[in-house]
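This report refers to the structure that appears directly beneath it.
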Amino acid sequence: MQRALSVTRAQNFPDWYQAIVKEADLAEASPTRGCMIIKAWGYGIWELIQQEMDRRIKATGHDNYYFPLLIPMGFIAKEAEHVDGFAKEMAVVTHHRLKNIDGELKPDPEAELTEPMIIRPTSETIIGDAFSRWITSYRDLPVLLNQWANVMRWEMRTRLFLRTAEFLWQEGHTAHASKDEAMDETFLALELYRAFSEEWLAMPVIAGEKPAHERFPGADNTFSIEAMMQDGKALQAGTSHYLGTHFAEAQDIRFTDKDGERKLAHTTSWGTSTRMIGGVIMTHGDDDGLRTPPTIAPKQIVLIPILRDKPEDEAVIAYAKALGEALRGLTAFGLPVRAHVDLKPGKSADKRWDWVRRGAPLILEIGPRDATNGQVSFMRRDALREGDKLKSHAMARDEFVAQAPALLAEIQRAVFAEAHARLHGNIRTDITSYHDLAAYFGSDEDGGGFKGWVRAPWCRPAGAALDAVVEKLKALKLTIRNAPLDQPATFGPCLFTGQPGVEEILIARAY
RNA sequence: CGGGGUGUAGCUCAGCCUGGUAGAGCGCCAGCUUUGGGAGCUGGAUGUCGCGAGUUCGAAUCCCGCCGCCCCGACCA
């Protein structure tokens with residue numbers, strides 16, 4: 001069977017991922033190492049993610065701010081764990097002028113900065129500095145802010161959307177009078193991400209707390225949402241941190257409480273990034289390209305007029321334009337329907353495959369017969385084929401217009417249901433020992449195939465005992481993703497030690 | 001940053017071992033044919049062979065250095 005992509009998932013999942021990013025016109029590598037050029041379809045998806053995420057962030061009482069890209073180097077040094085976590089991947093700005101030296105353009109040695117700047121890898125330090133000036137009284141709290149920005153981390157190995165040196169994200173930063181309040185905020189953000197991911201990206205996730213060794217540098221608690229990709233690997237799609245008073249101590253974020261005492265503020269931070277697009281690709285993509293969930297499809301309904309250089313072309317174009325106009329007058333997911341008439345010159349078959357690869361949810365092919373009979377021929381991208389053939393539906397024009405929002409909602413439900421079944425059908429709870437874990441994940445060489453996740457109790461060891469567990473998992477290329485928020489009342493024995501378990505964790509291969 | 005691979009037309013790649021005029025398929029352009037679905041025929045255009053230095057009468061090919069990308073590892077809130 002001829003597929004719209006050059007590689008199938010079964011042949012080679014990483015190659016398939018690269019093919020879809022390129023062939024669905026999402027992004028490409030740039031001349032700048034590790035950084036990507038996000039193209040129209042990919043950036044359009046990001047804008048729709050931003051729009052709805054921003055709405056939800058504001059609806060929970062946060063305001064947007066903007067802080068500088070460059071951070072004085074001294075700032076990053078203030079919180080010890082934070083430095084350790086980020087020092088290795090920092091881009092540093094050291095000069096403010098170039099000079100032509102012997103025909104070569106070089107940083108001017110005479111223009112070296114007295115204090116180098118780092119390009120923000122995250123903004124805790126520069127926002128903490130502002131907090132220390134803004135917060136003096138309990139009346140100033142809580143501070144609830146968010147920032148949309150680009151950040152840079154000098155990653156050793158990059159993959160488009162999943163891990164790039166520069167990426168786009170939102171970072172929420174808040175300061176509170178008490179630990180309880182800050183913890184509530186941390187969970188609020190986590191729940192916002194869970195709901196957003198499932199409702200808007202149609203990407204089911206499991207929210208939980210990261211184990212100690214996976215915490216954000218400088219956090220007391222780190223929580224994540226984890227999604228399952230079609231190869232069984234886990235993808236961390238959002239994180240939320242309770243930072244305790246670490247940054248408050250390091251940056252002197254103090255306030256006078258009602259009782260007249262000077263107290264340290266409790267801070268949080270939380271973020272989601274363009275990485276979510278990578279998650280959407282590996283959740284909803286198929287061998288014909290992306291199946292973009294209608295909520296985030298830059299064009300939800302694409303109309304392709306079938307033209308043949310004949311007089312009747314004009315009527316076909318007029319019919320398609322009028323239909324597009326009618327569709328744009330509708331509302332879906334609380335927003336105007338995004339319908340597009342593709343009038344670019346070119347063969348209609350090529351145009352159709354372009355939209356199949358990008359994953360426009362509804363693809364309409366409007367020919368002379370449709371125009372004459374007042375009909376619509378359309379394909380649902382989520383259920384593109386019947387057997388080897390493309391499945392085309394026919395419907396009266398007015399009925400289609402009446403049905404379009406419901407169809408989009410149905411597609412959204414369908415892609416979510418598929419992903420939901422995959423996630424919840426592939427978490428094994430019957431693996432109770434490291435031996436069984438190794439038997440399950442260790443059998444790769446004999447063609448292993450799809451491996452899901454394992455959910456099992458553990459005794460939550462610390463120190464050297466935790467290191468030993470991490471090593472054992474590493475031998476199987478496994479990581480602990482998180483301890484899901486919903487925990488049972490009682491626990492079986494620890495998967496690793498056989499001692500009494502204290503919580504259940506998810507174990508998986510991960511991106 | 002370590003090990004391996006790789007870089008030749010817009011894309012996928014051959015040519016490199018054994019130095020001697022830069023190739024194929026797809027795509028692109030033109031013409032004709034076709035027309036409810038990834039069309040056919042004919043003709044055409046397109047290359048600093050990743051970059052730099054070297055050996056040679058002559059380098060895509062051999063030597064050295066550098067860079068990008070891919071895989072594995074390390075690293076990765």
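Sequence lines set the chain letters: A, B, ... in the order given, protein chains first and strands last, and positions in each chain run from 1. Only a predicted model underlies this, so the values are computations on that prediction, with no experimental measurement involved.
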Classify A/G34 by what it touches in the nucleic acid, base, sugar-phosphate, or nothing, heavy-atom distance under 4.0 Å. sugar-phosphate

G-U wobble or Watson-Crick pairing nucleotide for B/G7 (cut-off 3.5 Å, both distances): B/C67

Polar atom pairs between nucleotides 6-11 of chain B and protein, under 3.5 Å, N or O only, would you list them?
| from | atom 1 | to | atom 2 | distance (Å) |
| --- | --- | --- | --- | --- |
| B/C11 | O3' | A/K22 | NZ | 3.2 |

Taking any strand in view, what nucleotide pairs with B/C75 in a Watson-Crick or G-U wobble way, both distances under 3.5 Å? none

With a non-hydrogen cut-off below 4.0 angstrom, is A/W169 in contact with a base, only sugar-phosphate, or nothing? base

Mind calculating the distance between CD (A/Q236) and P (B/C76) to the nearest angstrom? 13 Å

Mind checking A/H241 for me? I need base, sugar-phosphate or nothing, with any heavy atom below 4.0 Å counting as a touch. sugar-phosphate

With both distances under 3.5 angstrom, what nucleotide forms a Watson-Crick or G-U wobble pair with B/C29? B/G43

Pull out every residue in residues 369-378 of chain A that has a heavy atom closer than 4.0 Å to any atom of RNA chain B, ordered by number, or say none. A/R369, A/D370, A/S377

Heavy atoms only, 4.0 Å cut-off, all strands: where does A/A4 land among base, sugar-phosphate and nothing? base

Sugar-phosphate only, base, or nothing, as touched by A/T239 at under 4.0 Å among non-hydrogen atoms: base

Base, sugar-phosphate alone, or nothing: which one does A/G85 contact when heavy atoms must sit under 4.0 Å apart? nothing

In Watson-Crick or G-U wobble terms, both distances under 3.5 Å, what is the partner of B/C13? B/G23

Could you list all the salt bridge (Lys or Arg N to Asp or Glu O under 4.0 Å) pairs where at least one residue sits in residues 364-379 of chain A, not counting sequence neighbours? A/R352-A/E365

I'd like a table of atom pairs between the protein and nucleotides 28-35 of chain B - only N or O on both sides, under 3.5 Å - with the distance next to each one.
| from | atom 1 | to | atom 2 | distance (Å) |
| --- | --- | --- | --- | --- |
| B/U35 | O2' | A/R308 | NE | 3.1 |
| B/U35 | O2' | A/R308 | NH1 | 2.9 |

Rounded to the nearest angstrom, tell me the gap between atom CG in A/L390 and atom P in B/G37. 10 Å

Measure all distances between protein nitrogen or oxygen atoms and nitrogen or oxygen atoms of nucleotides 73-75 of chain B, and list the pairs falling under 3.5 Å.
| from | atom 1 | to | atom 2 | distance (Å) |
| --- | --- | --- | --- | --- |
| B/G73 | OP1 | A/K477 | NZ | 3.3 |
| B/C75 | OP2 | A/K474 | NZ | 3.2 |

Using distance only, find each side-chain donor-acceptor pair of residues 18-28 of chain A under 3.5 Å and give its atom names and separation, not counting sequence neighbours.
| from | atom 1 | to | atom 2 | distance (Å) |
| --- | --- | --- | --- | --- |
| A/E23 | OE2 | A/S6 | OG | 2.9 |
| A/D25 | OD1 | A/K39 | NZ | 3.1 |

With a 4.0 Å cut-off on heavy atoms, is A/R275 in touch with a base, just the backbone sugar-phosphate, or nothing at all? nothing

So A/F167, base contact, sugar-phosphate only, or nothing? Heavy-atom distance under 4.0 Å. base

Find the partner of B/G36: check Watson-Crick (N1-N3 plus N6-O4 or O6-N4) and G-U wobble (N1-O2, O6-N3) distances, both under 3.5 Å, and reply none if neither fits. none

Evaluate A/L235 against A/E226 for side chain to side chain contact (heavy atoms under 4.5 Å, CB included), listing each step before the verdict. CA-CA 5 Å; A/L235 181 79; A/E226 303 282 335; 6.0 Å; no

In whole angstroms, the gap separating P of B/G27 from CG of A/D354 amounts to 13 Å

